[in-house]
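To keep things clear, I will list the structure first and then write my remarks on it.
Remember, it's a predicted structure, so these values are computed and weren't measured experimentally.
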Amino acid sequence: MSNLSYPEAGATRLGPLPAGYHHLHHRARVGRGRADLRAAGAAVTEWRMHRTSGARVDASAPCAGDGVRVRVSLGVGPLRFAAPCQVVWTAYEQDRVGFAYGTETRHPERGEESFVVELADDGTVWFTVTAFSRPAAWYSRLAGPVVPVLQRWYARRLGSTLRRIVDEERGGRG
């Protein structure tokens, strides 16, 4: 993991999130039951959630796995920003599916972001985004307080997109 631009790799898995970074935590209900967990987990780990939300994703593997390199880009035309990342941990468990990627040296931010779906005891499927980041490029430093606002907006967008994907999958099941 020598290409990572920050030393706290894996902190989104167990916490606590490191000091000196902006912290993000967003949680959204996306479904109910094991079938919805499977649908949501596949959409998250196979990059479909990101792509359906409008991001371009170029990954070195078809699904998230430790060490997979991912290039996520957002924006339009000349205002498209590329973000090279590397998957630092994955969870393919009975009631929890997801991954985290960390920023590589040419990313405009430094830090880590995780995307996890979990089946709660009451059968609710929750999607959680957890992140810590700080500016790494001059333009992200210049954007200052706008960056966390955009990050929160994107996390909410991912949750809405994932809920829609799960709803569509459920419709196809029956």
Side-chain angles (χ1 to χ4, degrees), residues 1-28 40-41 43-76 78-93 96-118 126-162:
M1 305 234 180
S2 60
N3 291 329
L4 295 177
S5 63
Y6 66 103
E8 303 91 350
T12 58
R13 183 174 210 148
L14 301 173
L17 298 182
Y21 293 86
H22 167 73
H23 296 170
L24 170 71
H25 182 82
H26 175 73
R27 187 173 187 226
V44 168
T45 59
E46 295 170 5
W47 322 115
R48 189 161 42 120
M49 174 188 67
H50 282 83
R51 288 182 175 126
T52 304
S53 292
R56 285 188 190 159
V57 178
D58 296 311
S60 64
C63 62
D66 292 349
V68 169
R69 310 270 312 266
V70 184
R71 186 177 179 88
V72 178
S73 58
L74 295 166
V76 290
L79 296 178
R80 182 166 288 279
F81 293 94
C85 301
Q86 186 174 10
V87 175
V88 295
W89 63 263
T90 58
Y92 290 96
E93 302 164 9
R96 185 172 185 257
V97 179
F99 72 95
Y101 51 45
T103 59
E104 292 188 335
T105 53
R106 300 187 79 189
H107 195 293
E109 295 280 314
R110 282 190 181 94
E112 187 173 294
E113 191 167 20
S114 68
F115 311 93
V116 176
V117 291
E118 294 180 278
W126 293 97
F127 168 65
T128 304
V129 178
T130 304
F132 61 92
S133 64
R134 64 179 174 221
W138 67 267
Y139 52 87
S140 55
R141 282 191 293 279
L142 184 65
V146 174
V147 173
V149 171
L150 292 173
Q151 289 172 330
R152 282 191 303 276
W153 171 83
Y154 189 61
R156 286 191 304 271
R157 180 176 175 89
L158 290 174
S160 297
T161 298
L162 188 56

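- Nearest heavy-atom pair, P108 versus A82, reported as atom, atom and distance to 0.1 Å: CD-O, 3.6 Å.
- Here the straight-line distance linking atom NE2 of H25 with atom OG of S114 works out to 9.0 Å at 0.5 Å rounding.
- To the nearest 0.5 Å, atoms CG (L4) and SG (C85) are separated by 9.0 Å.
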V149 and Q151: CA distance, side-chain angles, deciding distance, side chain to side chain contact (heavy atoms under 4.5 Å, CB included) verdict:
CA-CA 5 Å; V149 171; Q151 289 172 330; over 6 Å; no
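- Between H50 and F115, the gap from one ring centroid to the other is short of 6.0 Å.
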Set out, in order, the CA-CA distance, both residues' side-chain angles and the distance that settles side chain to side chain contact (heavy atoms under 4.5 Å, CB included) for Y101 and V72, then state yes or no.
CA-CA 11 Å; Y101 51 45; V72 178; 3.8 Å; yes
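- Of all non-hydrogen atoms in T90 and G65, the two that sit nearest each other are CG2-CA, 3.6 Å.
- Residues meeting the side-chain contact (heavy atoms from CB on, under 4.5 Å) test with A91, sequence neighbours left out: R13, W89, E93, R96.
- Inter-residue side-chain proximity for T45 and Y92 is flagged as met; some heavy-atom pair is nearer than 4.5 Å.
- Note that CG of L24 is 9.5 Å distant from CG of L17, once rounded to the nearest 0.5 Å.
- Between R69 and N3, some side-chain heavy-atom pair lies under the 4.5 Å cut-off.
- Between R51 and R56 the shortest side-chain heavy-atom distance does not fall below 4.5 Å.
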Could you check D66 against V88 for side chain to side chain contact (heavy atoms under 4.5 Å, CB included), going step by step and ending with a plain yes or no?
CA-CA 6 Å; D66 292 349; V88 295; over 6 Å; no
Test E118 against R27 for side chain to side chain contact (heavy atoms under 4.5 Å, CB included), laying out the working first.
CA-CA 11 Å; E118 294 180 278; R27 187 173 187 226; 5.9 Å; no
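- To the nearest 0.5 Å, the span separating CE on M49 from CZ on F127 amounts to 4.0 Å.
- L162 places a side-chain heavy atom less than 4.5 Å from the side chain of V117.
- Between the CZ atom of R71 and the NE2 atom of H107 there is a distance of 10.0 Å, given to the nearest 0.5 Å.
- Between atom CH2 of residue W47 and atom OG of residue S53 there is a gap of 14.0 Å, rounded to the nearest 0.5 Å.
- Within the 4.5 Å cutoff, the side chain of F132 has heavy atoms near those of the E8 side chain.
- No side-chain donor-acceptor contact under 3.5 Å links S5 to the backbone of R110.
- Closest non-hydrogen pair, V97 versus G41, comes out as CG1-CA, 3.7 Å.
- Contact annotation: the side chain of V70 never approaches that of Q86 to less than 4.5 Å [non-hydrogen atoms, C-beta and beyond].
- For the pair V147 and E109, the minimum side-chain heavy-atom distance is below 4.5 Å.
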Could you go through E112 and Y6, starting from their C-alpha distance and side-chain angles, then the distance that decides it, and tell me whether this counts as side-chain hydrogen bond (donor to acceptor under 3.5 Å, both in side chains)?
CA-CA 8 Å; E112 187 173 294; Y6 66 103; 2.5 Å; yes
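- A donor-acceptor pair under 3.5 Å is absent between the side-chain atoms of H26 and the main chain of Y154, judged by distance alone.
- No side-chain heavy atom of E113 sits under 4.5 Å from any side-chain heavy atom of T12.
- A cation-pi arrangement is present between R134 and Y21, with the terminal nitrogen or guanidinium carbon under 6.0 Å from the aromatic centre and inside a 45° cone about the axis.
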